[in-house]
Amino acid sequence: MKIGIMGGTFDPIHIGHLLLGEFAYEEFGLDEIWYLPNGNPPHKQQYEEKDALKHRVEMIRRAIKDVPYFKLCLHEAKENSHSYTYKTMQELNALYPDNDFYFILGADSLFSIEDWKYFREIFPTCTILAAMRDDKDMTDMKEKMQELEQKYHAKIRLLQVPLLDISSTMLRRRASNGQSICYMVPDAVAEYIKKHYLYQKRKQDDSRFGEHSKET
């Protein structure tokens, strides 16, 4: 099987993550997209609040439940240890030797991949799908892809996705301020965030939160 890997904190997962998976699935004829939440990513300065990983995992589960080729992979969902891409990809290849893996990352990550821990060890384990938004310079992107391919024998393919200026940071800020996050996350995720008062300094009145207004 051809498996696309979407790693990240997904804090929270949003429609940009889902669209990226969908475009990769269609353009490269993948069989499945595995969403791989980090338990304790190395770039975080401190551990998450209690139950944060559980909430992130559950939001992914709810976001992808109606898409049969979107799967939840809990390989990195460990709270007490850091996960590194090179090690995860080596382990997935050992566990599923008959699969071909396609690691999906953004343009910014491609340009900084040489700063990752043991980054050279990533390239033999997968094909990199480098997602480029419409606002990025195509020439710079192709030059970087060619450079990495020549220096490290990497396999890199360009994945063009529509410009969608949504980030998890922005969503957390909006939720904290009691602003709407409608249409930026699946309804099931918005409902979960509201139910558990995620990202809020204190419990907000439901009418201020990001759900379709309903009169009772």
Please tell me if the side chains of [X] and [Y] come closer than 4.5 Å, counting only heavy atoms from C-beta onward.
{"X": "D115", "Y": "I113", "value": "no"}
{"X": "K87", "Y": "E91", "value": "yes"}
{"X": "D98", "Y": "M1", "value": "no"}
{"X": "M89", "Y": "C126", "value": "yes"}
{"X": "T125", "Y": "Y86", "value": "no"}
{"X": "L92", "Y": "F101", "value": "yes"}

Enumerate donor-acceptor pairs with a distance under 3.5 Å from any side-chain N or O in residues 148-157 to protein atoms, sequence neighbours excluded.
| from | atom 1 | to | atom 2 | distance (Å) |
| --- | --- | --- | --- | --- |
| K151 | NZ | E114 | OE2 | 3.1 |
| Y152 | OH | E114 | OE2 | 2.6 |

CE-OG distance between M59 and S168, expressed to the nearest 0.5 angstrom: 8.5 Å
Using 0.5 Å steps for rounding, measure from the CD1 atom of I3 to the SG atom of C73. 10.0 Å
Taking I128 as the fixed residue, which of L159, I122, L158, I104 is the one that meets the side-chain contact (heavy atoms from CB on, under 4.5 Å) rule? I122
Less than 4.0 Å between a side-chain N and a carboxylate O, is that true for K194 and E191? no
When you check the gap from the basic side-chain N to the acidic O, do K54 and E58 get nearer than 4.0 Å? no
Which side-chain N or O atoms in residues 15-36 pair as donor and acceptor under 3.5 Å with protein atoms at least two apart or in another chain?
| from | atom 1 | to | atom 2 | distance (Å) |
| --- | --- | --- | --- | --- |
| H17 | ND1 | H14 | N | 3.0 |
| E22 | OE1 | Y69 | OH | 2.8 |
| E22 | OE2 | Y69 | OH | 3.0 |
| D31 | OD2 | K2 | N | 2.7 |
| E32 | OE1 | W34 | NE1 | 2.8 |
| Y35 | OH | H17 | O | 3.0 |

Once you measure the plane-to-plane angle for H82 and Y84, does it fall in the parallel (<30°), tilted (30-60°) or perpendicular (>60°) bin? perpendicular
Mutual orientation of the aromatic rings belonging to F123 and F119 [parallel < 30°, tilted 30-60°, perpendicular > 60°]: perpendicular
Donor + acceptor pair across side chains of E76, T88 (<3.5 Å): yes
